[in-house]
Amino acid sequence: MSSHPVAETVASLMPRARTELTELVAFKSVADFDQFPKSESEGAANWVADALRTEGFQDVALLDTPDGTQSVYGFLPGPEGAKTVLLYAHYDVQPPLDEAGWTSPPFELTERGGRWYGRGAADCKGGVIMHLLALRALKANGGVPVHVKVIAEGSEEQGTGGLERYAEEHPELLKADTIVIGDTGNFRVGLPTVTSTLRGMTLVRVQIDTLEGNLHSGQFGGAAPDALSALIRVLDSLRAKDGSTTVDGLAAHATWEGLAYDEEQFRKDAKVLDGVELIGSDAVADRIWARPAVTVLGIDCPPVVGATPSVQAGARALVSLRVPPGVDAAEATKLLQAHLEAHTPWGARVRTEQIGQGQPFSADTTSPAYTAMADAMAIAYPGQEMQYAGQGGSIPLCNTLAALYPQAEILLIGLSEPEAQIHALNESVSPEELERLSVAEALFLQNYAGN
């Protein structure tokens, strides 16, 4: 770590950061209120609001967004005539999945092997702490040189679009000269990276019905159309033999121009089992950053335990499609729905319903803000040059902000490097990355103010 005064300040603040992240991770703030109490998300929102008030933020508010969740907003005034920077993170998290599969409880921040484990530690409660650390470091070293707006979203992981719609209805609220989205991550621990593209996403629920009710498979099997088998055929049609995504009419051959992703390293990062092949073809970066990717997220059908010898009358699935940059997510949704309907066999009845959607994003990496960030990262990561990478995930808010504020520069950084295992069991954050990225963000704000 650099001996820069800002770096020294952040280092001194790390014990407090761990305490705060422990408190924030303890909230089971999954924005699916059928699974987790709404009070857990409200508790996390209030924690963030209190933290902003403590740092001197004005106009701190819990914004009731149209999807029934809350986003936390605050404004910290800077010097007169200064630029305005919006800092984004989200406090909602993915469900912990199988809690028994966690080495330590998912909502108790636990140190192990030099990392801090807990759901949301990296994605993205750590991002909230990163913003706080950067601002505290600036206060201790001459003050915050820009106007700062903070927005902490409450439903990013659900893709329900509450904050996007709220921002569209209140277009002045999040207006800024530059926006720092703290929800991506370095390509590798210790390698400073800004994310220059994001895939968009769409979620489609598909329901297939063939019979008025389930039938005895011995009496009717062989002629009665099985809805579950029909669904399996439909889902299989979304992949070519090599596993690559095939949605009728959707382009799937784009290439990535930028940081390469070594195939063996990807296998390690993804923890692919020995002997199991990767899916798709061409470079890994092409497949995960520049091309569409379909994933079946869930299927409603009888579980193995307790299953009866029945021909199924109905079955449904939730299908996710990651949409590459340059493709309109709404058009991709139409193509996916048309594909599912066209590939349903045996005249089975099929219904598709869009559940969520977000547009892909491409940043302008030639802007002054990127120069300011590159200079900041060179100090926070001595001897390393800032890299540009894509990200296969989606942050729908990016495109909303880009459309609302076309002159704003948007940078994406964060704590979700491969070892973090976000969305999976045993999510963790590297405290060294939290420290270095907090330094980088603080120095970026200083550099940007001086441009």
Side-chain angles (χ1 to χ4, degrees), residues 17 20-25 27 29-31 41 43-55 57 60-63 65 69-76 85-94 109 116 118-137 148-159 162-164 166-167 173-174 176 178-186 194-195 198 358 361 373 391 393-398 400-401 410-417 420 422-423 427 429-430 433-438 440-442 444-445:
E20 290 180 323
L21 187 56
T22 300
E23 294 173 0
L24 195 50
V25 163
F27 293 104
S29 52
V30 178
S41 288
N46 279 293
W47 188 99
V48 176
D50 289 342
L52 295 181
R53 292 188 190 100
T54 300
E55 296 306 319
F57 276 75
V60 176
L62 300 179
L63 311 177
T65 58
T69 65
Q70 294 178 317
S71 291
V72 186
Y73 170 82
F75 175 69
L76 184 68
V85 177
L86 174 68
L87 305 179
Y88 167 90
H90 62 86
Y91 67 82
D92 70 301
V93 298
Q94 286 282 338
L109 195 72
W116 299 345
R119 175 57 91 220
D123 183 25
C124 181
K125 291 175 175 179
V128 174
I129 303 300
M130 176 181 74
H131 294 327
L132 293 173
L133 280 171
L135 295 174
R136 289 168 184 160
V148 175
K149 295 179 179 180
V150 165
I151 188 74
E153 188 174 3
S155 57
E156 191 274 342
E157 299 291 8
Q158 295 299 312
L163 182 55
E164 291 100 276
Y166 190 96
L173 185 71
L174 303 182
T178 278
I179 299 165
V180 179
I181 304 288
D183 191 26
T184 58
N186 287 342
V194 290
T195 299
L198 296 168
F361 171 78
M373 183 61 80
Q391 175 135 321
S394 308
I395 306 175
L397 183 67
C398 273
T400 300
L401 297 178
I410 300 179
L411 298 96
L412 296 102
I413 61 172
L415 299 161
S416 299
E417 36 73 30
I422 65 168
H423 295 201
E427 177 183 347
V429 69
S430 160
E433 289 287 69
L434 174 59
E435 183 175 343
R436 288 182 290 221
L437 283 167
S438 300
E441 182 167 280
F444 160 74
L445 293 173

Worksheet, complete the sentence: By side chain to side chain contact (heavy atoms under 4.5 Å, CB included), A44 pairs with (sequence neighbours left out) L24, F27, S29, Y91
Item to complete: Would you please test V72 and I151 for side chain to side chain contact (heavy atoms under 4.5 Å, CB included) and show each step?
Response: CA-CA 6 Å; V72 186; I151 188 74; over 6 Å; no
Worksheet item: Where the side chain of T184 meets the backbone of I413, is there a donor-acceptor pair that is under 3.5 Å apart?
Response: yes
Practice prompt. Find the distance between CZ (R136) and OG1 (T54) and round it off to the nearest 0.5 Å.
Written response: 8.0 Å
Worksheet item: Are the side chains of Y73 and L52 in touch, meaning some heavy atoms are under 4.5 Å apart?
Response: no
Worksheet item: Roughly how far, to the nearest 0.5 Å, is SG of C124 from CD1 of I395?
Response: 8.0 Å
Discussion item. Using the side chain to side chain contact (heavy atoms under 4.5 Å, CB included) criterion, which residues pair with A51? Sequence neighbours excluded.
Written reply: W47, L132
Fill in: Nearest non-hydrogen partners of I181 and C398, listed with the distance
CG1-SG, 4.0 Å
Practice prompt. Kindly give the heavy-atom pair with the smallest separation between T400 and A167, and that separation in Å.
Written response: CG2-CB, 4.5 Å
Worksheet item: Taking all non-hydrogen atoms of both residues, which atom of S438 and which atom of L133 are closest, and how far apart?
Response: OG-CD1, 3.3 Å
Discussion item. As an exercise, state the distance from CG of L163 to OH of Y88, rounded to the nearest 0.5 Å.
Written reply: 6.5 Å
Practice prompt. Would you please name every residue forming a ring pair (Phe, Tyr, Trp, His ring centres under 6.0 Å) with F57, sequence neighbours left out?
Written response: none
Practice prompt. Using the side-chain contact (heavy atoms from CB on, under 4.5 Å) rule, pick out the option among I422, L437, I129 that qualifies with L415.
Written response: L437
Item to complete: Name all residues meeting the side-chain hydrogen bond (donor to acceptor under 3.5 Å, both in side chains) criterion together with D183; count only those two or more places apart in sequence or in a different chain, and write none if there are none.
Response: H90
Practice prompt. Applying side-chain hydrogen bond (donor to acceptor under 3.5 Å, both in side chains), name anything that partners T65, two or more places apart in sequence or on another chain.
Written response: D67, T69
Worksheet entry | side-chain hydrogen bond (donor to acceptor under 3.5 Å, both in side chains) partners for Q94, two or more places apart | E157
Item to complete: Please report the closest heavy-atom contact between A49 and L62, naming both atoms and the distance.
Response: CB-CD2, 4.1 Å
Worksheet entry | Any residue meeting side chain to side chain contact (heavy atoms under 4.5 Å, CB included) with Q158, in chain and number order, not counting sequence neighbours | V30, A31, D32, T160
Worksheet item: Do L76 and E55 have side chains that get closer than 4.5 Å, going by heavy atoms?
Response: no
Worksheet entry | D123 side chain reached by H423 side chain, heavy atoms, under 4.5 Å | yes
Discussion item. Tell me every residue that passes ring pair (Phe, Tyr, Trp, His ring centres under 6.0 Å) with F444, counting only those two or more places apart in sequence or in another chain.
Written reply: Y448
Discussion item. Using the rule given for side chain to side chain contact (heavy atoms under 4.5 Å, CB included), can you reason through L63 versus L173, listing the C-alpha separation, both sets of side-chain angles and the distance that settles it, and then say yes or no?
Written reply: CA-CA 11 Å; L63 311 177; L173 185 71; 3.6 Å; yes
Worksheet item: Looking at CG of L198 and CD1 of I410, how far apart are the two atoms once the value is rounded to the nearest 0.5 Å?
Response: 9.5 Å
Item to complete: Looking only at non-hydrogen atoms, find the nearest pair between L21 and G126 and report the distance.
Response: CD1-N, 3.8 Å
Practice prompt. Name all residues meeting the side-chain hydrogen bond (donor to acceptor under 3.5 Å, both in side chains) criterion together with S41; count only those two or more places apart in sequence or in a different chain, and write none if there are none.
Written response: none
Fill in: Partners passing salt bridge (charged side-chain N to carboxylate O under 4.0 Å, His left out) against E417 (at least two apart in sequence or in another chain)
R115
Worksheet item: Q391 and T195: which non-hydrogen atoms are nearest, and at how many Å?
Response: CB-CG2, 3.5 Å
Worksheet entry | Separation of Y166 OH from L397 CG (nearest 0.5 Å) | 13.5 Å
Worksheet item: Any side-chain heavy atom of L86 sitting closer than 4.5 Å to one from L401?
Response: yes
Item to complete: Quick one: list whatever passes salt bridge (charged side-chain N to carboxylate O under 4.0 Å, His left out) with E427, sequence neighbours left out.
Response: R119
Worksheet entry | Contacts of E433 that satisfy salt bridge (charged side-chain N to carboxylate O under 4.0 Å, His left out) - sequence neighbours left out | R436
Practice prompt. Please assess E153 against E164 for the test side chain to side chain contact (heavy atoms under 4.5 Å, CB included), listing each intermediate value before the final yes or no.
Written response: CA-CA 10 Å; E153 188 174 3; E164 291 100 276; 3.6 Å; yes
Worksheet item: Do the non-hydrogen side-chain atoms of L445 and V180 ever get within less than 4.5 Å of each other?
Response: no
